[in-house]
S.K.: 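Input: one structure, supplied below.
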Amino acid sequence: MSGFLTHHGVLVALVGAACAIFYGAVTARSLLALSPGNEKMQSISLAVQEGARAYLNRQYTTIAGVGVVLFIALIPIQNIRVAIGFAIGGMLSASAGYIGMNVSVRANARVAEAARSGVSRALDVAFRAGAVTGMLVVGLALIGVAGYYGVLTWIAGESSTHAVDGLIGLGFGGSLISVFARLGGGIFTKGADVGADLVGKIEAGIPEDDPRNPAVIADNVGDNVGDCAGMAADLFETYAVTAVAVMLLGILLFHQTSAVALYPLVIGGVSIVASIIGTFAVKSKAGNVERALYQGLAVSGGLAALAFIPVTKWLMDGVTYSKGAAGSPHWWKFYLCALIGLGVTALLFVITDYYTSIRFSPVKSTASASQTGHATNIIQGLAQGYQATALPALVIAFGIFGAWKLGGGGADGIYGIGVAVMAQLSLCGLIVALDAFGPVTDNAGGIAEMADLPEDVRTVTDKLDAVGNTTKAVTKGYAIGSAALAALVLFNAFEQELAGKGKHPDFAIGNPPVLIGLLIGGLMVYLFAALSMEAVGRAGSAVVEEVRRQFREKPGIMDGTELPEYGTCVDLVTKAAQREMIIPALIPIVFTVIVGLISIEALGGLLIGVIVVGVFMAISMTAGGGAWDNAKKLIEDGAFGGKGSEAHAAAVTGDTVGDPFKDTSGPAINPMIKVANIVALLIIPLIT
């Protein structure tokens, strides 16, 4: 029976993963067959492509150097299975981001050209470009986890327990790529954006994406390497790490190790099919872009909820806990845990949309505060960011409680939480598609501006871009929520692994080492955020000086008789991002290892501190940054005096402050939380 389950369960997961990759390949081919516009549009798009490719090549070269050292270190610390898994995870994560980014930077001109035919046509092209990245993320993540599990159990003859141990390395490989991609891409994109806005909009008084701005190409490159490749790596890692953690917990808690190990993989496989069907529901004849995008997500969620019924009955009916007092839980309780995961996703979307969309009071109040100056804009934006943490925290807390109780409560109930977060992440393909939609539409607007396309084209791209800003913020809220739940599952896997080694540390807050660890964990989050913010500030300052130099030395730029040196700004922020990302990225690795070698109790406290402080910091930064960004856009659309007013100048300042909040530090905290937890799992042989 175990062999039957393993073969058929892995097959279901692999078929789902293959469907995602096939969808991505077919969609990419159909997109690239579309017209990329006139010669000027193509030359601008080519410049963005070359800059993005050059940046990612350099970034992955840097990461590869760190990766080789860690690969070698993992062999004596763990074993060759874990080291090989680490390499597989890193390569698949890098591939998902790289391929998706390449499709996005080619789609931008095609979206701008499609905008000539109206909102519906441009929406279709932009969303399908994002869907390529989204489906590649889930497809490659699932094929990596399920495929490596199948290889270890079928070919190498490993038990489920040893196979999942090897998969922990795969999760760590994805985590390494994720933290570097989020940091490096975030530093690049916001360094370029801040520099372009401060000199272009405020000092020179020229519009956003004006071709006279020497930093405009770097800004467009940054949208792709930060939001597209960065988010792809982030959610690849979350998806893979969560699947592995839930598999590990199931093996440690249940007698039926094959069934519970396969359950999260099969959930992922059937959800991919539901997500692919959902992509065809993204249609809008009335021009309501936001509704069209969300109806695709709703269709996918509904189909996934139906598909979970037979899957849960097949694998979870009759499973029994190997320890504890929960006995044999009914399979439908695990199904309800999965529904909780889908419900948490929906609520996080609604809440984040409320705090970042121009339709609601948080953004309107931030825009209104701009009328009385820069300081009041900053105060209101910070307040909205802090306030935006309350409801998501309650949703996550109630979600944890409900899934834990349904899972049996006590130590056993944690598997129910794992099922909930896996169900939440099962829609990851569409979530990444919504996020990648943002940079594609942003670039399309830039190309429309730089290529002097008709005003009605820019009106269409602006409408898509405004929604893209909201979807980027919403998907970041989703990523943070899933990171919190995934980290909780990882922490419990850490506890269970320690128990398996005969260690039962006291993680009560009254234990001084635990309190020390809590403080260090909180310190790590703030230090990480501070260093990444400073990095953006330094990169942005360098861009400001470079743009000022070009305006000063080439006065013909402003009247169109001289061309800016775009490549100089691209090269400048590329070098800055590569240099600045190293130290912050090492914080969750170095601190975790050092504290773990000193005290297991302190390490447990550190992990708890990172999770709690990290979640609140990440939500406040991303929501506050999103509110600042759309407050500026609301004023640019004519509210409170419109472009050129005092309110607009204040809103630009707020948006500039919010840029590294929402696109660098905030999102990068997600992988940082999970890196710390998975490193703790990997160093257990050293600390026990």
Side-chain angles (χ1 to χ4, degrees), residues 186 190 193-194 196-198 201-202 208 290 348-395 438 462 465-477 480 525-526 529-530 532-534 536-537 540 613 615-667 669:
K190 292 304 110 178
D193 197 2
V194 166
D197 280 356
L198 286 177
K201 284 186 176 182
I202 296 178
E208 187 172 0
E290 208 163 349
L348 289 177
F349 259 68
V350 171
I351 293 166
T352 312
D353 184 61
Y354 171 75
Y355 279 101
T356 57
S357 174
I358 60 175
R359 295 176 291 126
F360 301 112
S361 63
V363 168
K364 290 178 180 178
S365 66
T366 305
S368 177
S370 304
Q371 296 176 96
T372 49
H374 301 252
T376 46
N377 170 280
I378 298 296
I379 291 167
Q380 186 65 19
L382 284 172
Q384 292 301 331
Y386 296 154
Q387 190 181 117
T389 64
L391 289 177
L394 290 174
V395 167
D462 279 351
D465 185 29
V467 175
N469 274 329
T470 300
T471 60
K472 284 191 294 183
V474 165
T475 52
K476 287 183 178 78
I480 295 162
V525 174
Y526 273 86
S532 53
M533 291 279 287
E534 283 186 338
V536 171
V613 177
V615 166
F616 281 92
M617 176 74 94
I619 292 174
S620 66
M621 295 184 94
T622 54
W628 269 316
D629 191 351
N630 273 342
K632 178 200 70 174
K633 282 193 165 26
L634 184 63
I635 292 173
E636 288 178 343
D637 287 341
F640 307 114
K643 289 183 180 179
S645 65
E646 289 296 321
H648 183 233
V652 169
T653 299
D655 178 41
T656 306
V657 173
D659 274 339
F661 270 50
K662 67 182 175 64
D663 290 326
T664 307
S665 299
I669 290 171

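Predicted model, so just to flag it, every value in this text is computed and none were measured.
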S.K.: Quick one: list whatever passes side chain to side chain donor-acceptor pair (under 3.5 Å) with Ser357, sequence neighbours left out.
M.R.: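 Counting only residues at least two positions away or on another chain, Ser357 forms a side chain to side chain donor-acceptor pair (under 3.5 Å) with Arg359.
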S.K.: May I have all residue pairs that pass salt bridge (Lys or Arg N to Asp or Glu O under 4.0 Å) and include part of residues 381-390, sequence neighbours excluded?
M.R.: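 Sorted pair list comes back empty.
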S.K.: Nearest 0.5 Å please: distance from the CD1 atom of Ile669 over to the CD1 atom of Ile619.
M.R.: 10.5 Å
S.K.: Under 3.5 Å, side chain of Ser368 to main-chain N/O of Lys364, donor-acceptor pair present?
M.R.: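 Looks like no, no N/O pair under 3.5 Å.
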S.K.: With Ser620, which residues qualify under side chain to side chain donor-acceptor pair (under 3.5 Å), at least two apart?
M.R.: none
S.K.: Would you mind writing out the side-chain donor-acceptor pairs for residues 632-642 within the sub-3.5 Å range, not counting sequence neighbours?
M.R.:
unit_1 : atom_1 : unit_2 : atom_2 : d
Lys632 : NZ     : Asp655 : OD2    : 3.0
Glu636 : OE2    : Lys201 : NZ     : 3.3
Glu636 : OE2    : His648 : NE2    : 3.0

S.K.: Report all side-chain donor-acceptor pairs from residues 378-392 shorter than 3.5 Å, counting only partners two or more places apart or in another chain.
M.R.:
unit_1 : atom_1 : unit_2 : atom_2 : d
Gln380 : NE2    : Ser365 : OG     : 3.0
Gln384 : NE2    : Ser365 : OG     : 3.3
Gln387 : OE1    : Tyr355 : OH     : 3.4
Thr389 : OG1    : Tyr386 : O      : 2.7

S.K.: Who are the side-chain contact (heavy atoms from CB on, under 4.5 Å) partners of Thr664, not counting sequence neighbours?
M.R.: Ile187, Lys190, Ser532, Val536, Pro660
S.K.: For Lys476, run the side-chain hydrogen bond (donor to acceptor under 3.5 Å, both in side chains) check against Thr622, Thr356, Asp663 and tell me which one passes.
M.R.: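 The residue from Thr622, Thr356, Asp663 that satisfies side-chain hydrogen bond (donor to acceptor under 3.5 Å, both in side chains) with Lys476 turns out to be Asp663.
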S.K.: If I take atom OG1 from residue Thr352 and atom CD1 from residue Ile480, how far apart are they, to the nearest 0.5 angstrom?
M.R.: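 Between Thr352 OG1 and Ile480 CD1, I get 7.5 Å after rounding to 0.5 Å.
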S.K.: Could you tell me whether the side chain of Ser665 and the main chain of Phe661 form a donor-acceptor pair under 3.5 Å?
M.R.: no
S.K.: How long is the gap from CG on Leu348 to OG1 on Thr475, to the nearest 0.5 Å?
M.R.: 12.0 Å
S.K.: Establish, from distance only, whether the side-chain atoms of Asn377 and Trp628 form a donor-acceptor pair under 3.5 Å.
M.R.: yes
